[in-house]
Amino acid sequence: MKELLEKMIAAAPTAENGEAQCANAIMDYFEASGIEAHLDIWNDNRANIVAKLPSAGDRQGLLFASHLDVVPPGEAKWASDPFRPIEKDGKIFGRGAADMKGGIAALASAMTEIAAEKTKLQGQVVFAATAGEETDSCGAKRFVAQNKDTLKPFAGIVIPEPTDFQVVTAHRGMLWLQIETTGKTAHGSMPHLGINAITSMNHLLNKLGVYKIPYKKHPTLGGCSMSINEIHGGKATNVIPDHCLIRIDIRTLPTQQNENIVQSFQQILDELKGTVKDFDAKLSVTRSVEALETDNESDFVKTFCDSVKIDETAAVGFATDAPFFAPLNAPTVIFGPGKPSACHKPDEYIDIEDLQKAKQYYKDLIVSFLT
Ligand SMILES: [Zn+2]
């Protein structure tokens, strides 16, 4: 399990490098234990991997859906090379150790143990590890598109993301917008001959400064948030800028639909076009992930909680690929080893003890649902 984890970290599956090498490491691991697996590789280096434990019965199975990619190491300095995993003080350090190679290694290891013990399962276990969760969820979308008509219905979906063993049944969604105002360039000494895109953006910022996306507060997820986190515009002090761009990060609630929010922003732009001279702007969606809310009273969640012996469910602020599996129509729980606070940061790590614990949890889950 540790060896697989270290190989996956060393594969450095950032968006730039792609996931193929990481997927191959998992493929080798499953093949060595006689578990059926197949790779789906596209654009040279992007990859999904799917593995299955077969069913001897007709019970609904379980899907475990993970992501292979990691965020880049970032600008802050690491104590050691982020892609050369090291073991120290009972922890393994490396980019992706917590998010979410630890969960993948624990799950793959649980599956090989079940296969080795020849446990007869009454429903199938599908392991899917997909590309691009940190950027555009391309792998999860591709997996669902390719398999939704052929996969048998699942009793539930487990996302082994690092929740530090909290049973997470709700998270906010994510909607990233980019708005670009356009104008006409001219010499800085003759602004009347140009259309200043920064002035146009200022009109928009004034509007957005007082705009509140309508929502009803969620009992566990709280509110919907919106923050303008990037602005770019202008080239030189003596050039009238013809482009200005902002990027907005919106976190949504299960009662909201990202599509409706996009429309409300388009409406703001249309109004400005009607009222402000020479205003022109283009809106684009750079990322859209719906919120997740699984019924805590569903049989799946209840059996899940019984199996891991954790009564309480939790809600978190970060988004996952879970909503992209909605077309499979199965309740979803996020549950895995690793501290969320260690993710996307320098010196990311996972406790080796948590890996062992996770393996046992996943084994117990599979056995309690499917035997
Ligand atoms: Zn993750």
Side-chain angles (χ1 to χ4, degrees), residues 4-5 8-19 22-23 25-26 46-49 63-74 82-83 85 91-108 127-144 157-174 176 221 249 251 287-292 294 314-326 332-351 354-355 358 361-362:
L4 171 62
L5 172 62
M8 288 191 287
I9 293 171
T14 56
E16 197 186 341
N17 295 341
E19 299 82 0
C22 179
I26 303 172
R46 307 309 304 271
N48 285 348
I49 173 167
L63 169 66
F64 288 86
S66 311
H67 67 86
L68 294 168
D69 59 315
V70 293
V71 290
F83 296 116
K91 296 174 167 68
I92 292 174
F93 290 85
R95 171 55 86 223
D99 185 13
M100 56 175 292
K101 308 278 171 278
I104 296 177
L107 171 63
F127 166 107
T130 59
E133 190 262 355
E134 305 287 3
T135 49
D136 56 5
S137 301
C138 58
K141 291 180 203 164
R142 186 178 166 100
F143 169 80
V144 170
I157 300 171
V158 182
I159 312 273
E161 286 265 17
T163 64
D164 201 16
F165 301 119
Q166 286 198 87
V167 179
V168 172
T169 54
H171 67 60
R172 294 197 297 175
M174 192 159 72
W176 294 354
L221 293 168
D249 185 354
R251 302 298 166 129
R287 187 104 210 255
S288 179
V289 182
E290 300 289 338
L292 172 80
T294 300
V316 288
F318 58 82
T320 71
D321 265 348
F324 293 104
F325 295 94
T332 303
V333 160
I334 305 162
F335 179 81
K339 310 260 181 296
S341 59
C343 304
H344 296 210
K345 284 196 189 141
D347 304 320
E348 181 179 344
Y349 70 92
I350 187 137
D351 287 303
D354 282 352
L355 283 179
Y361 273 133
Y362 294 139

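Note that ligands are numbered from 1 as they come in the structure, with each ligand's atoms numbered from 1 the same way.
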*Okay, side chain of Asn48, backbone of Ala131: is any donor-acceptor separation there less than 3.5 Å?*
yes

Can you give me every donor-acceptor pair (side chain of residues 67-74, partner residue at least two apart or in another chain, under 3.5 Å) with its distance?
residue, atom, partner, partner atom, Å
His67, ND1, Asp69, O, 3.0
His67, ND1, Asp69, OD1, 3.1
His67, NE2, Asp99, OD1, 3.0
His67, NE2, Glu133, OE1, 3.3
His67, NE2, Glu161, OE2, 3.2
Asp69, OD1, Gly132, N, 3.4
Asp69, OD1, Glu133, N, 3.0
Asp69, OD2, Glu133, N, 3.0
Asp69, OD2, Glu134, N, 2.7

*So, Glu348 side chain and Arg95 main chain: donor-acceptor pair closer than 3.5 Å or not?*
no

_Closer than 2.8 Å to the Zn ion (ligand 1) - protein N, O or S atoms, ordered by chain and residue number_ = His67 NE2, Asp99 OD1, Glu161 OE1, Glu161 OE2

*salt bridge (Lys or Arg N to Asp or Glu O under 4.0 Å) partners for Asp249, two or more places apart*: Arg251

*For the pair Tyr349 and Phe93, name the ring-plane relationship: parallel under 30°, tilted 30 to 60°, perpendicular over 60°.*
tilted

*Residues in salt bridge (Lys or Arg N to Asp or Glu O under 4.0 Å) with Asp164, at least two apart?*
Lys339

